Amino acid sequence: MLDMKLIRENPEILTEALKRRHSHIDLTEFHANDRLRRELLIEVEALKNRRNEFSRVIGERKRNKQDAGDLITEMQVVSSRIKELDEQLQACEDTLNAFLLETPNIPLPDVPDGAGEQDNVEVRRWSEPRSFDFQPQAHWELGEKLDILDFERGAKLAGARFTVMKGAGALLERSLINFMLDLHTGKHGYKEIFPPFLVNADAMTGTGQLPKFEEDLFKTTMGYYLIPTAEVPVTNLHRDEILTDEELPICYTAYTACFRAEAGSYGRDTRGLIRLHQFNKVELVKFTRPEDSAAELEKLTTDAEEVLQLLGLPYRVMALCTGDLGFSSAKTYDIEVWFPQQGQYREISSCSCFTDFQARRAGIRYRPAPGRTEYVHTLNGSGLAVGRCLAAILENYQTADGSVIVPEALRPYMGIDSI
RNA sequence: GGAGAGAUGGCCGAGUCGGCUGAAGGCGACCGCCUGCUAAGCGGUUAUAGUGUCUAAUGGGCGCUAUCGAGGGUUCGAAUCCCUCUCUCUCCGCCA
(Lines give C-alpha, C1' and ligand atoms only; values in the text may rest on other atoms or scores of the structure.)
Protein backbone atom coordinates (compact mmCIF):
# COMPACT_ATOMS: atom_id res chain seq x y z
CA MET A 1 0.00 0.00 0.00
CA LEU A 2 1.27 3.42 -0.88
CA ASP A 3 1.20 6.51 1.27
CA MET A 4 -1.96 8.53 0.65
CA LYS A 5 -0.08 11.74 1.32
CA LEU A 6 2.49 10.91 -1.30
CA ILE A 7 -0.19 10.37 -3.92
CA ARG A 8 -1.92 13.56 -2.89
CA GLU A 9 1.14 15.79 -2.80
CA ASN A 10 3.31 14.19 -5.47
CA PRO A 11 0.97 12.44 -7.88
CA GLU A 12 3.60 12.63 -10.62
CA ILE A 13 5.76 10.13 -8.71
CA LEU A 14 3.03 7.52 -8.88
CA THR A 15 2.09 8.37 -12.45
CA GLU A 16 5.70 7.94 -13.48
CA ALA A 17 6.00 4.67 -11.53
CA LEU A 18 2.88 3.24 -13.12
CA LYS A 19 4.16 4.17 -16.53
CA ARG A 20 7.45 2.39 -15.86
CA ARG A 21 5.49 -0.67 -14.80
CA HIS A 22 3.39 -0.48 -17.95
CA SER A 23 0.36 -0.33 -15.72
CA HIS A 24 -2.59 1.91 -16.41
CA ILE A 25 -4.42 3.23 -13.41
CA ASP A 26 -6.37 6.46 -13.49
CA LEU A 27 -5.77 8.79 -10.56
CA THR A 28 -8.59 11.23 -11.26
CA GLU A 29 -11.12 9.38 -9.18
CA PHE A 30 -8.66 8.96 -6.35
CA HIS A 31 -8.02 12.67 -6.12
CA ALA A 32 -11.72 13.48 -6.20
CA ASN A 33 -12.40 10.99 -3.42
CA ASP A 34 -9.47 12.21 -1.41
CA ARG A 35 -10.79 15.77 -1.54
CA LEU A 36 -14.29 14.62 -0.72
CA ARG A 37 -13.00 12.65 2.22
CA ARG A 38 -11.36 15.67 3.78
CA GLU A 39 -14.40 17.86 3.20
CA LEU A 40 -16.64 15.33 4.90
CA LEU A 41 -14.14 14.87 7.66
CA ILE A 42 -13.97 18.57 8.46
CA GLU A 43 -17.74 18.85 8.57
CA VAL A 44 -18.41 15.76 10.64
CA GLU A 45 -15.61 16.46 13.10
CA ALA A 46 -16.93 19.95 13.73
CA LEU A 47 -20.34 18.47 14.48
CA LYS A 48 -18.85 15.86 16.76
CA ASN A 49 -17.00 18.58 18.57
CA ARG A 50 -20.30 20.36 19.18
CA ARG A 51 -21.93 17.18 20.30
CA ASN A 52 -19.16 16.55 22.80
CA GLU A 53 -19.42 20.05 24.21
CA PHE A 54 -23.18 19.90 24.56
CA SER A 55 -23.05 16.48 26.11
CA ARG A 56 -20.85 17.92 28.78
CA VAL A 57 -23.31 20.72 29.43
CA ILE A 58 -26.23 18.32 29.50
CA GLY A 59 -24.39 16.20 32.00
CA GLU A 60 -23.76 19.19 34.23
CA ARG A 61 -27.36 20.31 34.13
CA LYS A 62 -28.62 16.83 34.92
CA ARG A 63 -26.37 16.69 37.92
CA ASN A 64 -27.69 20.03 39.10
CA LYS A 65 -31.23 18.82 38.52
CA GLN A 66 -31.75 21.42 35.80
CA ASP A 67 -33.75 20.94 32.64
CA ALA A 68 -31.77 20.12 29.48
CA GLY A 69 -34.65 19.33 27.17
CA ASP A 70 -33.86 22.11 24.71
CA LEU A 71 -30.29 20.96 24.22
CA ILE A 72 -31.30 17.33 23.87
CA THR A 73 -33.77 18.21 21.13
CA GLU A 74 -31.10 20.15 19.30
CA MET A 75 -28.57 17.38 19.66
CA GLN A 76 -30.96 14.85 18.21
CA VAL A 77 -30.78 16.74 14.93
CA VAL A 78 -27.01 17.03 15.11
CA SER A 79 -26.62 13.35 15.85
CA SER A 80 -28.68 12.22 12.93
CA ARG A 81 -26.66 14.50 10.66
CA ILE A 82 -23.46 12.99 12.04
CA LYS A 83 -24.75 9.55 11.26
CA GLU A 84 -25.46 10.52 7.66
CA LEU A 85 -22.06 12.07 7.17
CA ASP A 86 -20.30 9.13 8.81
CA GLU A 87 -21.90 6.80 6.32
CA GLN A 88 -20.82 8.92 3.37
CA LEU A 89 -17.34 9.14 4.82
CA GLN A 90 -17.17 5.39 5.27
CA ALA A 91 -18.17 4.81 1.65
CA CYS A 92 -15.57 7.30 0.51
CA GLU A 93 -12.82 5.71 2.57
CA ASP A 94 -13.75 2.24 1.36
CA THR A 95 -13.27 3.43 -2.20
CA LEU A 96 -9.92 5.00 -1.41
CA ASN A 97 -8.79 1.93 0.44
CA ALA A 98 -9.76 -0.38 -2.39
CA PHE A 99 -7.74 1.78 -4.74
CA LEU A 100 -4.71 1.71 -2.49
CA LEU A 101 -4.90 -2.05 -2.06
CA GLU A 102 -4.88 -2.59 -5.81
CA THR A 103 -2.11 -0.14 -6.64
CA PRO A 104 1.36 -1.69 -7.04
CA ASN A 105 4.53 -0.54 -5.35
CA ILE A 106 6.81 2.12 -6.82
CA PRO A 107 9.98 0.62 -8.35
CA LEU A 108 13.29 1.87 -6.99
CA PRO A 109 15.21 4.21 -9.32
CA ASP A 110 17.91 1.64 -10.11
CA VAL A 111 15.43 -0.95 -11.39
CA PRO A 112 15.95 -1.32 -15.16
CA ASP A 113 13.08 -0.20 -17.37
CA GLY A 114 11.45 -2.83 -19.49
CA ALA A 115 8.22 -4.35 -20.65
CA GLY A 116 8.65 -7.95 -19.56
CA GLU A 117 10.88 -10.92 -18.80
CA GLN A 118 12.99 -10.39 -21.94
CA ASP A 119 14.18 -7.03 -20.60
CA ASN A 120 15.58 -8.34 -17.31
CA VAL A 121 19.25 -7.60 -16.86
CA GLU A 122 21.89 -10.16 -15.93
CA VAL A 123 23.87 -8.89 -12.96
CA ARG A 124 26.37 -11.69 -12.48
CA ARG A 125 26.99 -15.32 -13.20
CA TRP A 126 28.66 -17.98 -11.05
CA SER A 127 30.50 -21.02 -12.41
CA GLU A 128 30.10 -22.56 -15.85
CA PRO A 129 27.56 -25.14 -16.93
CA ARG A 130 29.19 -28.53 -17.02
CA SER A 131 29.69 -30.14 -20.42
CA PHE A 132 28.25 -33.62 -20.82
CA ASP A 133 29.73 -36.37 -22.97
CA PHE A 134 26.29 -37.98 -23.06
CA GLN A 135 22.76 -36.71 -23.52
CA PRO A 136 21.67 -35.37 -20.12
CA GLN A 137 18.28 -36.55 -18.94
CA ALA A 138 15.52 -34.49 -17.45
CA HIS A 139 15.18 -34.69 -13.68
CA TRP A 140 11.75 -36.32 -13.93
CA GLU A 141 13.20 -39.12 -16.05
CA LEU A 142 16.11 -39.61 -13.68
CA GLY A 143 13.82 -39.45 -10.68
CA GLU A 144 11.41 -42.03 -12.01
CA LYS A 145 14.15 -44.40 -13.15
CA LEU A 146 15.85 -44.15 -9.74
CA ASP A 147 12.45 -44.67 -8.11
CA ILE A 148 12.85 -41.55 -5.98
CA LEU A 149 10.15 -39.42 -7.68
CA ASP A 150 6.68 -40.81 -8.40
CA PHE A 151 4.51 -38.42 -10.38
CA GLU A 152 2.01 -41.07 -11.33
CA ARG A 153 1.15 -41.88 -7.75
CA GLY A 154 1.20 -38.19 -6.88
CA ALA A 155 -1.51 -37.73 -9.46
CA LYS A 156 -3.41 -40.71 -8.07
CA LEU A 157 -3.36 -39.21 -4.59
CA ALA A 158 -4.09 -35.62 -5.43
CA GLY A 159 -3.96 -34.82 -9.15
CA ALA A 160 -1.76 -33.11 -11.66
CA ARG A 161 1.12 -31.03 -10.27
CA PHE A 162 1.66 -33.25 -7.25
CA THR A 163 4.43 -35.73 -6.67
CA VAL A 164 5.63 -38.29 -4.19
CA MET A 165 9.26 -38.37 -3.13
CA LYS A 166 10.55 -41.74 -2.08
CA GLY A 167 13.62 -43.25 -0.49
CA ALA A 168 16.75 -41.31 -1.34
CA GLY A 169 14.57 -38.65 -2.97
CA ALA A 170 12.73 -37.97 0.25
CA LEU A 171 16.04 -38.05 2.10
CA LEU A 172 17.57 -35.60 -0.36
CA GLU A 173 14.63 -33.21 0.03
CA ARG A 174 14.89 -33.36 3.80
CA SER A 175 18.68 -32.99 3.70
CA LEU A 176 18.42 -29.90 1.53
CA ILE A 177 15.99 -28.29 3.96
CA ASN A 178 18.29 -28.94 6.90
CA PHE A 179 21.37 -27.88 4.98
CA MET A 180 19.80 -24.56 4.00
CA LEU A 181 18.42 -23.85 7.48
CA ASP A 182 21.75 -24.69 9.10
CA LEU A 183 23.59 -22.36 6.73
CA HIS A 184 21.24 -19.44 7.29
CA THR A 185 20.88 -19.81 11.04
CA GLY A 186 24.53 -20.68 11.63
CA LYS A 187 26.69 -18.73 9.25
CA HIS A 188 24.28 -15.97 8.20
CA GLY A 189 22.69 -15.26 11.57
CA TYR A 190 19.00 -15.67 10.76
CA LYS A 191 16.57 -16.81 13.42
CA GLU A 192 14.60 -19.90 12.54
CA ILE A 193 10.81 -19.72 12.51
CA PHE A 194 8.36 -22.56 12.05
CA PRO A 195 5.01 -20.89 11.33
CA PRO A 196 1.49 -22.11 10.57
CA PHE A 197 0.94 -23.21 6.97
CA LEU A 198 -2.61 -21.86 7.02
CA VAL A 199 -3.37 -18.21 7.72
CA ASN A 200 -6.34 -15.86 7.80
CA ALA A 201 -7.35 -13.19 5.28
CA ASP A 202 -5.75 -10.39 7.30
CA ALA A 203 -2.34 -11.97 6.97
CA MET A 204 -2.80 -12.48 3.23
CA THR A 205 -3.79 -8.84 2.88
CA GLY A 206 -0.81 -7.68 4.91
CA THR A 207 1.72 -9.06 2.46
CA GLY A 208 -0.31 -8.24 -0.65
CA GLN A 209 -1.70 -11.60 -1.85
CA LEU A 210 -5.20 -10.34 -1.15
CA PRO A 211 -7.36 -8.85 -2.44
CA LYS A 212 -5.81 -8.87 -5.89
CA PHE A 213 -4.50 -12.43 -6.24
CA GLU A 214 -7.10 -14.57 -4.57
CA GLU A 215 -7.32 -16.98 -7.53
CA ASP A 216 -3.70 -18.03 -6.97
CA LEU A 217 -4.46 -19.27 -3.47
CA PHE A 218 -5.98 -22.40 -2.01
CA LYS A 219 -8.71 -21.62 0.46
CA THR A 220 -10.27 -24.01 2.95
CA THR A 221 -13.97 -24.38 3.60
CA MET A 222 -13.33 -22.87 7.04
CA GLY A 223 -11.96 -19.67 5.50
CA TYR A 224 -8.26 -20.29 6.02
CA TYR A 225 -5.78 -19.80 3.22
CA LEU A 226 -2.89 -22.16 2.53
CA ILE A 227 0.30 -20.13 2.42
CA PRO A 228 1.87 -19.73 -1.04
CA THR A 229 5.17 -18.85 0.66
CA ALA A 230 6.55 -18.49 4.18
CA GLU A 231 6.79 -14.77 3.45
CA VAL A 232 3.13 -14.50 4.47
CA PRO A 233 3.20 -15.90 8.01
CA VAL A 234 6.73 -14.69 8.77
CA THR A 235 6.24 -11.09 7.61
CA ASN A 236 2.91 -10.95 9.43
CA LEU A 237 4.60 -12.04 12.63
CA HIS A 238 5.08 -8.35 13.42
CA ARG A 239 1.82 -7.07 11.96
CA ASP A 240 0.45 -4.09 13.92
CA GLU A 241 3.56 -3.85 16.04
CA ILE A 242 5.96 -1.03 16.77
CA LEU A 243 9.48 -2.41 16.89
CA THR A 244 12.37 -0.78 18.67
CA ASP A 245 15.22 0.73 16.74
CA GLU A 246 17.78 -1.53 18.42
CA GLU A 247 16.18 -4.80 17.38
CA LEU A 248 16.49 -3.94 13.67
CA PRO A 249 17.36 -5.52 11.38
CA ILE A 250 15.34 -8.61 12.21
CA CYS A 251 16.34 -11.60 10.07
CA TYR A 252 14.22 -14.73 9.96
CA THR A 253 14.51 -17.95 8.05
CA ALA A 254 11.71 -20.46 7.79
CA TYR A 255 11.09 -23.77 6.16
CA THR A 256 7.50 -24.30 5.04
CA ALA A 257 5.54 -26.19 2.49
CA CYS A 258 4.04 -23.78 -0.05
CA PHE A 259 0.75 -24.14 -1.88
CA ARG A 260 -0.13 -22.45 -5.13
CA ALA A 261 -3.18 -22.87 -7.31
CA GLU A 262 -1.14 -22.02 -10.44
CA ALA A 263 -4.24 -20.69 -12.12
CA GLY A 264 -3.22 -19.22 -15.45
CA SER A 265 -0.17 -21.42 -16.00
CA TYR A 266 -2.01 -24.40 -17.47
CA GLY A 267 0.41 -25.46 -20.16
CA ARG A 268 3.64 -24.46 -18.46
CA ASP A 269 6.12 -26.83 -16.86
CA THR A 270 3.64 -29.65 -16.70
CA ARG A 271 6.39 -32.20 -16.12
CA GLY A 272 8.75 -32.48 -13.22
CA LEU A 273 9.28 -30.55 -10.04
CA ILE A 274 9.37 -27.04 -11.47
CA ARG A 275 5.74 -26.08 -10.99
CA LEU A 276 3.79 -28.01 -8.37
CA HIS A 277 0.75 -27.17 -6.30
CA GLN A 278 2.73 -28.11 -3.20
CA PHE A 279 6.45 -27.60 -2.78
CA ASN A 280 8.98 -26.96 -0.05
CA LYS A 281 10.88 -23.76 0.39
CA VAL A 282 13.29 -22.22 2.85
CA GLU A 283 12.58 -18.53 3.02
CA LEU A 284 14.57 -15.52 4.21
CA VAL A 285 12.69 -12.53 5.64
CA LYS A 286 14.06 -9.24 6.93
CA PHE A 287 12.67 -6.18 8.68
CA THR A 288 15.03 -3.24 8.32
CA ARG A 289 15.36 0.50 8.73
CA PRO A 290 14.53 2.29 5.48
CA GLU A 291 18.10 3.48 4.99
CA ASP A 292 19.46 -0.06 5.31
CA SER A 293 17.11 -1.92 3.01
CA ALA A 294 19.13 -1.55 -0.19
CA ALA A 295 22.26 -3.03 1.39
CA GLU A 296 20.22 -5.71 3.16
CA LEU A 297 18.73 -6.82 -0.15
CA GLU A 298 22.23 -7.34 -1.53
CA LYS A 299 23.19 -9.37 1.53
CA LEU A 300 20.02 -11.42 1.42
CA THR A 301 20.65 -12.23 -2.21
CA THR A 302 24.23 -13.35 -1.63
CA ASP A 303 23.05 -15.41 1.36
CA ALA A 304 20.73 -17.26 -0.99
CA GLU A 305 23.44 -17.56 -3.65
CA GLU A 306 25.77 -19.20 -1.19
CA VAL A 307 23.47 -22.23 -1.06
CA LEU A 308 24.04 -22.81 -4.76
CA GLN A 309 27.76 -22.17 -4.47
CA LEU A 310 28.13 -24.73 -1.71
CA LEU A 311 26.10 -27.19 -3.76
CA GLY A 312 28.21 -26.43 -6.82
CA LEU A 313 25.28 -25.48 -9.02
CA PRO A 314 25.92 -22.89 -11.76
CA TYR A 315 23.61 -19.91 -11.64
CA ARG A 316 23.10 -16.34 -12.71
CA VAL A 317 21.49 -13.38 -10.99
CA MET A 318 18.95 -11.28 -12.88
CA ALA A 319 17.69 -7.83 -11.98
CA LEU A 320 14.02 -7.81 -12.86
CA CYS A 321 12.90 -4.93 -15.03
CA THR A 322 9.96 -2.70 -14.14
CA GLY A 323 7.58 -4.63 -16.36
CA ASP A 324 8.38 -7.97 -14.71
CA LEU A 325 8.44 -6.75 -11.13
CA GLY A 326 5.95 -8.29 -8.71
CA PHE A 327 3.01 -6.27 -7.43
CA SER A 328 4.41 -5.53 -3.95
CA SER A 329 8.07 -5.35 -4.88
CA ALA A 330 10.19 -2.24 -5.34
CA LYS A 331 13.22 -4.19 -6.53
CA THR A 332 13.81 -7.87 -7.21
CA TYR A 333 16.75 -10.11 -8.03
CA ASP A 334 15.96 -13.53 -9.42
CA ILE A 335 18.53 -16.24 -8.97
CA GLU A 336 18.39 -18.72 -11.83
CA VAL A 337 20.03 -22.12 -11.68
CA TRP A 338 21.27 -24.08 -14.67
CA PHE A 339 19.19 -26.97 -15.97
CA PRO A 340 21.30 -28.99 -18.46
CA GLN A 341 18.48 -30.98 -20.05
CA GLN A 342 16.49 -27.83 -20.83
CA GLY A 343 19.71 -25.99 -21.59
CA GLN A 344 18.59 -22.93 -19.72
CA TYR A 345 18.63 -21.09 -16.43
CA ARG A 346 15.45 -21.36 -14.39
CA GLU A 347 14.34 -19.32 -11.39
CA ILE A 348 15.17 -20.89 -8.04
CA SER A 349 14.98 -17.82 -5.86
CA SER A 350 13.40 -14.41 -5.97
CA CYS A 351 14.80 -11.79 -3.59
CA SER A 352 12.82 -8.60 -3.15
CA CYS A 353 12.76 -5.36 -1.27
CA PHE A 354 9.22 -4.16 -0.64
CA THR A 355 10.26 -0.84 0.87
CA ASP A 356 7.42 0.28 3.17
CA PHE A 357 4.70 -1.15 0.92
CA GLN A 358 3.97 -4.28 2.96
CA ALA A 359 4.81 -2.54 6.22
CA ARG A 360 2.14 0.08 5.60
CA ARG A 361 -0.45 -2.56 4.75
CA ALA A 362 0.48 -4.68 7.71
CA GLY A 363 1.14 -1.82 10.16
CA ILE A 364 4.75 -2.74 10.92
CA ARG A 365 6.58 0.26 12.37
CA TYR A 366 9.57 1.12 14.48
CA ARG A 367 10.82 4.06 16.50
CA PRO A 368 13.73 5.84 14.83
CA ALA A 369 13.74 8.21 17.81
CA PRO A 370 11.73 8.47 21.01
CA GLY A 371 8.20 9.64 20.31
CA ARG A 372 8.39 9.03 16.56
CA THR A 373 7.22 6.14 14.46
CA GLU A 374 8.09 5.11 10.96
CA TYR A 375 7.31 2.14 8.75
CA VAL A 376 10.05 -0.46 8.46
CA HIS A 377 11.15 -1.91 5.16
CA THR A 378 10.43 -5.57 4.56
CA LEU A 379 12.46 -7.89 2.37
CA ASN A 380 12.36 -11.52 1.51
CA GLY A 381 13.81 -14.11 -0.78
CA SER A 382 13.87 -17.83 -1.27
CA GLY A 383 16.88 -19.45 0.18
CA LEU A 384 16.00 -21.64 -1.77
CA ALA A 385 13.10 -23.42 -3.42
CA VAL A 386 13.86 -26.96 -2.30
CA GLY A 387 12.15 -28.96 -5.04
CA ARG A 388 13.75 -26.97 -7.83
CA CYS A 389 17.06 -27.34 -6.06
CA LEU A 390 16.60 -31.11 -5.91
CA ALA A 391 15.75 -31.12 -9.60
CA ALA A 392 18.86 -29.09 -10.39
CA ILE A 393 21.04 -31.49 -8.41
CA LEU A 394 19.63 -34.50 -10.25
CA GLU A 395 20.26 -32.91 -13.63
CA ASN A 396 23.66 -31.35 -12.93
CA TYR A 397 25.11 -34.27 -11.00
CA GLN A 398 23.82 -37.09 -13.20
CA THR A 399 26.24 -39.62 -14.65
CA ALA A 400 26.17 -41.60 -17.88
CA ASP A 401 24.68 -44.64 -16.12
CA GLY A 402 21.78 -42.64 -14.74
CA SER A 403 22.99 -42.45 -11.15
CA VAL A 404 23.47 -39.14 -9.36
CA ILE A 405 26.46 -37.98 -7.36
CA VAL A 406 25.58 -36.39 -4.02
CA PRO A 407 27.16 -32.90 -3.71
CA GLU A 408 29.91 -32.78 -1.12
CA ALA A 409 28.05 -30.37 1.15
CA LEU A 410 25.07 -32.71 1.45
CA ARG A 411 26.94 -35.89 2.28
CA PRO A 412 26.97 -35.29 6.05
CA TYR A 413 23.19 -34.97 5.81
CA MET A 414 22.61 -37.85 3.42
CA GLY A 415 25.12 -40.36 4.68
CA ILE A 416 25.63 -41.60 1.10
CA ASP A 417 27.66 -40.22 -1.79
CA SER A 418 25.54 -41.27 -4.72
CA ILE A 419 21.99 -42.17 -5.60
C1' G B 1 -18.10 -30.72 20.81
C1' G B 2 -20.36 -29.31 26.16
C1' A B 3 -20.11 -25.79 30.60
C1' G B 4 -18.13 -21.44 32.62
C1' A B 5 -14.80 -16.95 33.05
C1' G B 6 -12.54 -13.06 30.64
C1' A B 7 -10.50 -9.29 26.72
C1' U B 8 -8.78 -1.58 29.29
C1' G B 9 -2.34 2.17 27.64
C1' G B 10 4.88 -1.09 27.30
C1' C B 11 3.19 -4.34 31.64
C1' C B 12 -0.09 -4.98 36.05
C1' G B 13 -4.67 -3.07 37.33
C1' A B 14 -9.24 0.51 38.80
C1' G B 15 -13.50 2.15 36.40
C1' U B 16 -19.71 3.03 41.20
C1' C B 17 -26.89 3.51 39.16
C1' G B 18 -24.15 5.36 31.24
C1' G B 19 -22.07 12.02 31.58
C1' C B 20 -15.42 16.54 32.85
C1' U B 21 -11.74 8.92 32.05
C1' G B 22 -7.45 8.87 26.53
C1' A B 23 -8.63 6.73 30.65
C1' A B 24 -7.22 6.51 38.52
C1' G B 25 -3.29 3.77 40.98
C1' G B 26 1.11 0.90 40.54
C1' C B 27 5.37 -1.06 37.82
C1' G B 28 8.77 -0.34 34.05
C1' A B 29 11.36 3.24 30.86
C1' C B 30 13.35 8.17 29.95
C1' C B 31 14.87 13.32 31.63
C1' G B 32 16.25 16.45 35.72
C1' C B 33 17.45 17.18 41.08
C1' C B 34 19.83 15.10 45.21
C1' U B 35 23.99 11.68 46.56
C1' G B 36 31.66 10.53 47.03
C1' C B 37 29.58 5.94 43.91
C1' U B 38 25.31 2.72 43.89
C1' A B 39 20.61 2.23 46.04
C1' A B 40 16.75 4.97 48.13
C1' G B 41 14.24 9.71 47.74
C1' C B 42 12.05 14.15 45.05
C1' G B 43 10.05 16.56 40.45
C1' G B 44 8.70 15.83 35.42
C1' U B 45 7.82 13.02 30.86
C1' U B 46 5.96 8.43 28.85
C1' A B 47 -0.29 5.43 23.25
C1' U B 48 -1.60 5.49 18.09
C1' A B 49 -3.83 7.45 13.91
C1' G B 50 -6.51 11.09 11.13
C1' U B 51 -7.41 16.19 10.32
C1' G B 52 -7.44 21.84 10.71
C1' U B 53 -4.47 25.91 11.49
C1' C B 54 0.11 28.55 12.54
C1' U B 55 5.23 28.85 12.07
C1' A B 56 7.45 27.39 8.18
C1' A B 57 15.15 24.57 9.33
C1' U B 58 9.12 18.68 6.97
C1' G B 59 10.51 19.37 12.71
C1' G B 60 7.27 21.21 15.57
C1' G B 61 3.35 24.88 18.19
C1' C B 62 -1.89 25.28 19.07
C1' G B 63 -6.63 22.84 18.31
C1' C B 64 -10.18 19.15 16.90
C1' U B 65 -11.76 13.94 15.90
C1' A B 66 -11.32 8.76 16.61
C1' U B 67 -9.59 4.43 19.26
C1' C B 68 -10.79 0.69 26.28
C1' G B 69 -10.65 -7.22 21.35
C1' A B 70 -13.78 -6.34 16.30
C1' G B 71 -18.42 -4.91 14.16
C1' G B 72 -23.42 -3.31 14.83
C1' G B 73 -27.47 -1.30 18.09
C1' U B 74 -29.88 1.76 22.13
C1' U B 75 -29.02 7.03 23.78
C1' C B 76 -28.46 14.02 23.54
C1' G B 77 -24.12 11.16 25.44
C1' A B 78 -21.28 4.28 26.02
C1' A B 79 -14.95 1.48 28.40
C1' U B 80 -19.68 1.23 31.04
C1' C B 81 -26.39 -1.25 28.55
C1' C B 82 -28.03 -4.84 24.26
C1' C B 83 -26.75 -8.12 19.88
C1' U B 84 -23.18 -10.68 16.65
C1' C B 85 -18.27 -12.24 15.85
C1' U B 86 -13.05 -13.17 17.17
C1' C B 87 -9.52 -14.51 20.63
C1' U B 88 -7.70 -16.15 25.61
C1' C B 89 -8.23 -19.05 30.12
C1' U B 90 -10.51 -23.13 33.31
C1' C B 91 -13.24 -27.81 33.64
C1' C B 92 -15.42 -32.08 30.87
C1' G B 93 -15.44 -34.97 26.27
C1' C B 94 -12.72 -36.37 21.84
C1' C B 95 -8.11 -36.67 19.27
C1' A B 96 -2.31 -36.72 16.27
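Since we're looking at a predicted model, the values are computed, not measured.
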* Which nucleotide sits closest to the side chain of A:I42: B:rG52, B:rA49, B:rA47? -> B:rG52

* Are the ring centres of A:Y252 and A:H238 closer than 6.0 Å? -> yes

* Considering only NZ, NE, NH1 and NH2 on the basic side and carboxylate oxygens on the acidic side, decide whether A:K281 and A:E283 come within less than 4.0 Å. => yes

* Structure fact -> The complete set of ring pair (Phe, Tyr, Trp, His ring centres under 6.0 Å) pairs with one or both residues in residues 65-93 of chain A, sequence neighbours excluded, reads none

* Asked: With a 6.0 Å cut-off on ring centres, are A:F327 and A:F213 close enough?
  -> yes

* **Aromatic plane relationship, A:H184 with A:Y190 - under 30° parallel, 30 to 60° tilted, over 60° perpendicular** => perpendicular

* To do: Decide yes or no on side chain to side chain donor-acceptor pair (under 3.5 Å) for A:R239 and A:N236, but give the supporting numbers first.
  => CA-CA 5 Å; A:R239 177 152 49 96; A:N236 277 283; 2.8 Å; yes

* Asked: So A:F162 and A:H277, would you call those rings parallel, tilted or perpendicular, with 30° and 60° as cut-offs?
  -> tilted

* Taking CD from A:E87 and P from B:rG71, how many angstroms apart are they, rounded to a whole number? -> 15 Å

* If you measure from the P atom in B:rC33 to the same atom in B:rG26, how many Å do you get, rounded? -> 24 Å

* Taking atom P of B:rG69 as reference, at what distance in whole Å does atom CG of A:D202 sit? -> 18 Å

* Nearest whole angstrom, please: distance from the P of B:rU48 to the CG of A:L243. => 14 Å

* Asked: If you measure from the P atom in B:rC17 to the same atom in B:rC82, how many Å do you get, rounded?
  -> 12 Å

* Answer with base, sugar-phosphate or nothing: what part of the nucleic acid does A:R8 contact at a heavy-atom distance below 4.0 Å? => sugar-phosphate

* To do: Answer with base, sugar-phosphate or nothing: what part of the nucleic acid does A:R61 contact at a heavy-atom distance below 4.0 Å?
  => nothing

* Below 6.0 angstrom between ring centroids: does that apply to A:F357 and A:H377? -> no

* To do: Give one of base, sugar-phosphate or nothing for A:L41, where a contact means two heavy atoms less than 4.0 Å apart.
  => sugar-phosphate

* Kindly point out which of B:rU74, B:rC76, B:rA49 is positioned nearest to the side chain of A:S79? => B:rC76

* Return yes if some donor-acceptor pair links the side-chain N/O of A:R361 with the main-chain N/O of A:L101 below 3.5 Å, else return no. => yes

* **Same-atom distance (P) from B:rG19 to B:rG77, integer angstrom** => 15 Å

* Structure fact -> Side-chain contact check for A:R38: nearest option of B:rG52, B:rG50, B:rG73 is B:rG52

* Does any N or O in the side chain of A:N396 come within less than 3.5 Å of the main-chain N or O of A:A392, such that one atom is a donor and the other an acceptor? -> yes

* Structure fact -> Listed range with range, the stems formed with RNA chain B by at least 3 consecutive Watson-Crick or G-U pairs (under 3.5 Å) are B:1-7 with B:86-92, B:10-12 with B:25-27, B:28-33 with B:41-46, B:47-54 with B:60-67, B:69-73 with B:81-85

* Take the protein atom CG of A:L89 and the nucleotide atom P of B:rU51, then report the distance between them rounded to whole Å. => 11 Å

* Considering only atom P, compute the distance from B:rU16 to B:rG69 and round it to an integer number of Å. => 14 Å

* To do: Take atom CZ of A:R372 and atom C1' of B:rA49, then tell me their distance rounded to the nearest Å.
  => 15 Å

* Asked: Using the C1' atom in both, what is the distance from B:rG22 to B:rA49, to the nearest Å?
  -> 13 Å

* Report the residue (A:D34 or A:T73) whose heavy-atom-nearest nucleotide on RNA chain B is the more 5′ of the two. => A:D34

* Structure fact -> From the candidates B:rA49, B:rG19, B:rG50, the one with an atom nearest any side-chain atom of A:S55 is B:rG19

* Expressed in angstrom and rounded to an integer, what is the separation of A:D240 atom CG from B:rG10 atom P? -> 13 Å

* Which listed nucleotide (B:rA49, B:rG73, B:rG52) is nearest to the side chain of A:T373? -> B:rA49

* Side-chain donor-acceptor pair present, A:D334, A:S349, cut-off under 3.5 Å -> no

* Grab the CG-C1' distance between A:L96 and B:rU51 for me, whole Å please. => 14 Å

* Asked: Taking for each residue the nucleotide of RNA chain B with the nearest heavy atom, is it A:E93 or A:M75 whose nucleotide lies nearer the 5' end?
  -> A:E93

Anything under 3.5 Å between a protein N or O and an N or O of nucleotides 64-68 of chain B, put it in a table, one pair a line.
unit_1 : atom_1 : unit_2 : atom_2 : d
B:rC64 : O3'    : A:N49  : ND2    : 2.8
B:rU65 : OP1    : A:N49  : ND2    : 2.9
B:rU65 : OP1    : A:N52  : ND2    : 3.0
B:rA66 : OP2    : A:N52  : ND2    : 3.4

* Asked: Nearest to the side chain of A:R37, which nucleotide is it out of B:rC76, B:rU51, B:rU48?
  -> B:rU51

* Length of the line joining A:R360:CZ and B:rA49:C1', which is rounded to integer Å -> 13 Å

* Using the P atom on both, measure B:rU45 against B:rA23 and round to a whole Å. => 12 Å

* **C1' spacing across the pair B:rC81 / B:rG18, given as an integer number of angstrom** => 7 Å

* Pairwise C1' distance, B:rC87 and B:rC31 [rounded to whole Å] -> 39 Å

